S.K.: 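Mind having a look at this structure? Questions to follow.
Note that the numbering runs from 1 along the sequence shown for the chain. Just so it is clear, the model here is predicted, and its values are computed rather than measured.
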Amino acid sequence: MKRPQPQPRRGPFDPAPAGKLSRALPALTVMLASLFTIWPFIATVPVLPPLGLLTLLGWRLMRSDNFHIWAALPLGLFDDLLSGQPLGSAMLLWTLCFFAIDLIEQRLVFRDFWQDWLIASGAIAFCLIAGRLFATPIVAHVDTVLLMQAVISIMLFPVVARVCAWLDGKRESA
C-alpha cells in the first residue's frame with residue numbers, strides 16, 4: 001500500500017494558494033456578462049454590445065494566465081446558448097480570437113494599453129462581422145446597425161478592461 005506523499009511546507013514569504021472562487025472569478029464574470037443579453041431591454045435599434053466577448057478579451061489581454069487556450073470553447077457555448085446566435089459561432093470565433101492573441105503575444109515583447117485596445121478592436125470587429133455572416137442572410141440590411149454596434153463595443157472596451165483590472169486587484173488582495 002502506497003503512503004501519501006507529504007505536501008511541501010509553505011515558506012513564510014510564499015504567496016497563499018488561490019482559492020477556488022478566486023480562480024473561477026474570470027470565467028464567472030464572463031458568464032455573468034453574457035447573461036446581459038437576456039436582460040429585458042427595449043430598444044429601437046439593437047446595439048447592445050457583446051459584453052461576454054468584451055469581458056473575455058479584457059481578462060485575456062490583461063492576464064493571459066487566467067484562461068487556457070481552450071477556455072473560449074465552453075464560454076462561447078454558454079454565450080451561444082444565451083444570445084440566440086447559431087450554436088458554435090461564439091465557440092469558433094472566440095477560439096480564433098484566442099489563437100490570434102496568442103500569436104500576437106509571441107511576436108510582441110511589450111504591449112501597452114493602446115495596443116491592447118487595438119487588438120481588442122480587431123477581435124470585436126471580427127466577431128461581430130463574422131457573427132453577422134453566420135446569423136443573417138447577406139441581403140439583410142443590417143450593416144449600419146452592425147457598424148454602430150461595433151463602434152459602441154470598441155468604445156466600451158476600456159471600461160470593461162478597467163472593471164476586469166479592478167476585480168483582479170480585489171481577487172489578488174483577498
S.K.: With under 30° as parallel and over 60° as perpendicular, where do the rings of Trp70 and His68 fit, or are they tilted in between?
M.R.: parallel

S.K.: Is there a side-chain contact (heavy atoms from CB on, under 4.5 Å) between Gln115 and Ile104 once you walk through the steps?
M.R.: CA-CA 10 Å; Gln115 290 169 329; Ile104 291 170; over 6 Å; no

S.K.: Are Val30 and Asp79 side-chain neighbours, meaning at least one heavy-atom pair lies under 4.5 Å?
M.R.: no

S.K.: What's the shortest heavy-atom distance between Pro50 and Ser153, and which atoms?
M.R.: CD-OG, 3.2 Å

S.K.: Parallel, tilted or perpendicular for Phe67 and Phe98, by the 30°/60° rule?
M.R.: tilted

S.K.: Please tabulate, one pair per line, all N/O donor-acceptor pairs under 3.5 Å involving side-chain atoms of residues 139-148, not counting sequence neighbours.
M.R.:
| residue | atom | partner | partner atom | Å |
| --- | --- | --- | --- | --- |
| Asp143 | OD1 | Arg132 | NE | 3.2 |
| Asp143 | OD1 | Arg132 | NH2 | 3.4 |

S.K.: Any idea which heavy atoms bring Ser34 and Trp94 closest together, and the distance?
M.R.: OG-CH2, 4.1 Å

S.K.: Test your reading of the model: is there a side-chain donor-acceptor pair from Trp117 to the backbone of Asp112, 3.5 Å cut-off?
M.R.: no

S.K.: So Val151 and Val47, do their side chains get closer than 4.5 Å, heavy atoms only?
M.R.: no

S.K.: Under the side-chain contact (heavy atoms from CB on, under 4.5 Å) criterion, do Leu51 and Leu156 qualify, and how do the steps go?
M.R.: CA-CA 9 Å; Leu51 290 174; Leu156 188 65; 3.7 Å; yes

S.K.: Would Phe113 and Met62 count as a side-chain contact (heavy atoms from CB on, under 4.5 Å) if you check the C-alpha gap in whole Å, the side-chain angles of each, and the deciding distance to 0.1 Å?
M.R.: CA-CA 9 Å; Phe113 178 75; Met62 181 183 59; over 6 Å; no

S.K.: Does Leu48 share a hydrophobic cluster with Leu93, counting links as ILVMFWY side-chain heavy atoms below 4.5 Å and allowing steps through other members?
M.R.: no

S.K.: Using a cut-off of 6.0 Å, state whether more than 12 heavy atoms not belonging to Arg111 lie near its atom CZ.
M.R.: yes

S.K.: Hey, does Leu61 have a side-chain heavy atom less than 4.5 Å from the side chain of Phe157?
M.R.: yes

S.K.: Would you indicate whether the side-chain heavy atoms of Met155 and Pro49 approach each other to under 4.5 Å?
M.R.: no

S.K.: I'd like to check Cys127 versus Cys97 (side-chain heavy atoms, cut-off strictly below 4.5 Å). Are they in contact?
M.R.: yes

S.K.: Any chain of hydrophobic side-chain contacts (each under 4.5 Å) joining Leu73 to Leu57?
M.R.: no

S.K.: Could you go through the side-chain contact (heavy atoms from CB on, under 4.5 Å) check for Leu77 and Leu87 one step at a time?
M.R.: CA-CA 7 Å; Leu77 174 65; Leu87 194 61; 3.7 Å; yes

S.K.: Give every residue pair that meets the side-chain hydrogen bond (donor to acceptor under 3.5 Å, both in side chains) criterion with at least one member in residues 50-63, sequence neighbours excluded.
M.R.: Thr29-Trp59, Arg60-Asp102, Arg60-Glu105, Arg63-Asp65, Arg63-Asp168, Arg63-Glu172

S.K.: Can you sort out the partners of Ser89 under side-chain hydrogen bond (donor to acceptor under 3.5 Å, both in side chains), two or more places apart, ordered by chain and number?
M.R.: Asp80

